[in-house]
Amino acid sequence: MTRLILGIETSCDETAAAVVGDGQHILSNVVATQIDLHRQYGGVFPELASRQHILTIKPVIEQALTTAQVGWQDIAAVAVTYGPGLAGSLLVGVNAAKGLAWARALPLIGVNHLEGHIYANWLRAGGNTAPPVPPVLVLIVSGGHTELILMHEHGRYTRLGATLDDAAGEVFDKVARLLGLGYPGGPALQRAAEGGRAQAFDLPLALRHDPKHRYNFSFSGLKTAVLRLTQALKADGAALPVADLAASFQRAVAEALVARILVAVDDFKVNQVCVCGGVAANVELRRQLAARLPAPHAVPPIWLCTDNAAMIASAGFYRYAAGQRSAWDLDVLPNLKLN
Ligand code: KG4
Ligand code: ZN
């Protein structure tokens with residue numbers, strides 16, 4: 001019998017709900033994005049985000065059930081993101097999940113948002129026809145996180161390294177703003193890089209040969225290098241070669257990410273590499289992964305890389321199947337870590 005999990009995700013600026021069967025089969029995946037709302041501020045405005053979640057959460061959940069063509073009697077458990085993320089945003093999802101689960105006498109499963117991103121690789125979509133088999137090496141690259149993780153088995157992780165400063169997505173967003181590109185920065189920068197020369201500018205790759213930081217990342221030097229370069233080019237009075245700058249920057253970020261994966265793949269015996277999070281949507285990162293990794297690797301299709309609730313339902317399913325339940329006093333943890 002297929003066990004259906006209703007997933008709810010409101011950790012940042014997407015209000016999302018999904019119904020997933022056995023952690024793998026997507027019956028519905030509804031994402032109401034707030035991008036237009038936050039565009040004028042050039043980033044997510046937390047207070048506005050939580051207010052918008054309150055307006056959208058009920059219709060989004062209803063649509064997830066309708067699209068999946070299921071009723072509450074078909075749902076086995078409610079899984080919800082309780083951290084990390086924006087406190088006010090997380091609260092909307094957690095309170096909705098608690099209320100609904102309580103009212104229907106369903107188990108409540110709190111899910112770590114980062115674990116959710118990892119489980120996007122367990123969903124049958126795109127080219128992913130079979131779920132990964134741990135141990136796997138995971139790279140999470142999102143707007144708030146850049147972490148290299150060893151997943152030993154379901155729910156058991158060792159954090160090998162992380163960024164020492166900006167997250168990969170954050171540096172995409174900042175450099176996009178610097179180059180006068182749109183919001184959100186990652187997709188805008190990728191579009192701007194089309195047709196640009198990836199080798200046009202030699203940008204620094206931090207920590208490359210630092211033995212103390214075998215699995216860590218640093219992107220602030222790269223950001224500063226692009227800033228200096230644009231300042232120098234502007235001082236020369238020339239038009240900014242935006243496409244070349246974007247292509248070179250994108251190549252450098254992907255190189256830095258893949259370099260750390262290669263080190264870890266060499267150090268640990270894993271069945272495969274899973275890359276996830278918003279930046280995993282990046283075309284140049286995907287190209288380099290395919291070209292440079294010796295081990296098999298998986299990336300979710302683009303629409304499952306960015307925040308969604310199907311990934312939360314998948315992660316929730318494996319916790320549910322292991323008999324785990326959250327208590328009714330489940331609280332939001334904005335700084336929750338993956339351990
Ligand atoms: O995982 P996500 O949707 O939200 C967080 O949990 O942070 O990631 C959002 C981040 C943003 O920084 C966005 O600019 C970046 O992912 N992103 C991309 C691309 N699509 C989204 N970065 C580079 N290339 C892309 N195609
Ligand atoms: Zn995310």
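Remember, it's a predicted structure, so these values are computed and weren't measured experimentally. Both ligands and their constituent atoms are indexed starting at 1 by order of listing.
Two rings, from F317 and H154, have their centers 6.0 Å or more apart.
In this model, no donor atom of one side chain and acceptor atom of the other lie less than 3.5 Å apart for N308 and E14.
Atom 11 (C) of ligand 1 has its closest protein heavy atom at D173 OD2, 3.7 Å. If you check which protein heavy atom lies closest to atom 22 (N) of ligand 1, you get G186 CA, 3.3 Å. Looking only at protein heavy atoms, the nearest one to atom 24 (N) of ligand 1 is N282 ND2, 3.0 Å. With respect to atom 3 (O) of ligand 1, the closest heavy atom belonging to the protein is D307 N, 3.1 Å. Regarding atom 9 (C) of ligand 1, its nearest protein heavy-atom neighbour is G143 N, 3.7 Å. Shortest contact from atom 17 (N) of ligand 1 to any protein heavy atom: G278 O, 3.6 Å.
In this structure, the side chains of I35 and Y183 come closer than 4.5 Å at one or more pairs of heavy atoms. In this structure the side chain of L338 reaches within 4.5 angstrom of the side chain of I149, judged on heavy atoms.
Among the atoms of G169, some N or O lies under 3.5 angstrom from an N or O of ligand 1. Note: no N/O pair closer than 3.5 Å links G277 and ligand 1 by distance alone.
For D307, the N, O or S atom with the smallest separation from the Zn ion (ligand 2) is OD1.
Distances from the Zn ion (ligand 2) show that H145 has no N/O/S atom below 2.8 Å. The nearest N, O or S atom of H117 is closer to the Zn ion (ligand 2) than 2.8 Å.
Taking every heavy atom of G144 and a limit of under 4.0 angstrom, the matching atoms of ligand 1 come to 7 (O). Distances below 4.0 Å separate heavy atoms of S142 from the following atoms of ligand 1: 1 (O), 5 (C), 6 (O), 7 (O), 8 (O). For ligand 1 and T306, the ligand atoms under 4.0 Å from any heavy atom of the residue are 3 (O).
Electrostatic pairing of R214 and D267 counts as a salt bridge here, judged by a charged N lying under 4.0 Å from a carboxylate O. Note on R292 versus E255: no salt bridge recorded, every NZ/NE/NH1/NH2 to OD/OE distance being 4.0 Å or above.
The aromatic rings of F172 and F249 sit perpendicular, their planes meeting at an angle over 60°, well past the 30° parallel limit.
Heavy atoms of C12 come nearer than 4.0 angstrom to ligand 1 in no pair at all.
With a 6.0 Å radius and a threshold of 12 heavy atoms from other residues, nucleotides or ligands, W102 has its CH2 atom at or below the threshold. The environment of D202 atom CG is sparse: at most 12 non-hydrogen atoms of other residues, nucleotides or ligands sit within 6.0 angstrom.
Within the 4.0 Å heavy-atom criterion, the part of H117 lying near ligand 1 is the side chain and not the backbone. Neither the backbone nor the side chain of H145 comes within contact range of ligand 1; no heavy atom lies under 4.0 Å.
Nearest residue to atom 6 (O) of ligand 1 from Q190, E9, H113 is H113 (criterion: closest heavy atom).
With sequence neighbours left out, the salt bridge (charged side-chain N to carboxylate O under 4.0 Å, His left out) criterion links E284 to R287.
Sorted by first and then second residue, the pairs that involve residues 11-56 and meet ring-ring contact (aromatic ring centres under 6.0 Å, His included), not counting sequence neighbours, are Y41-F45.
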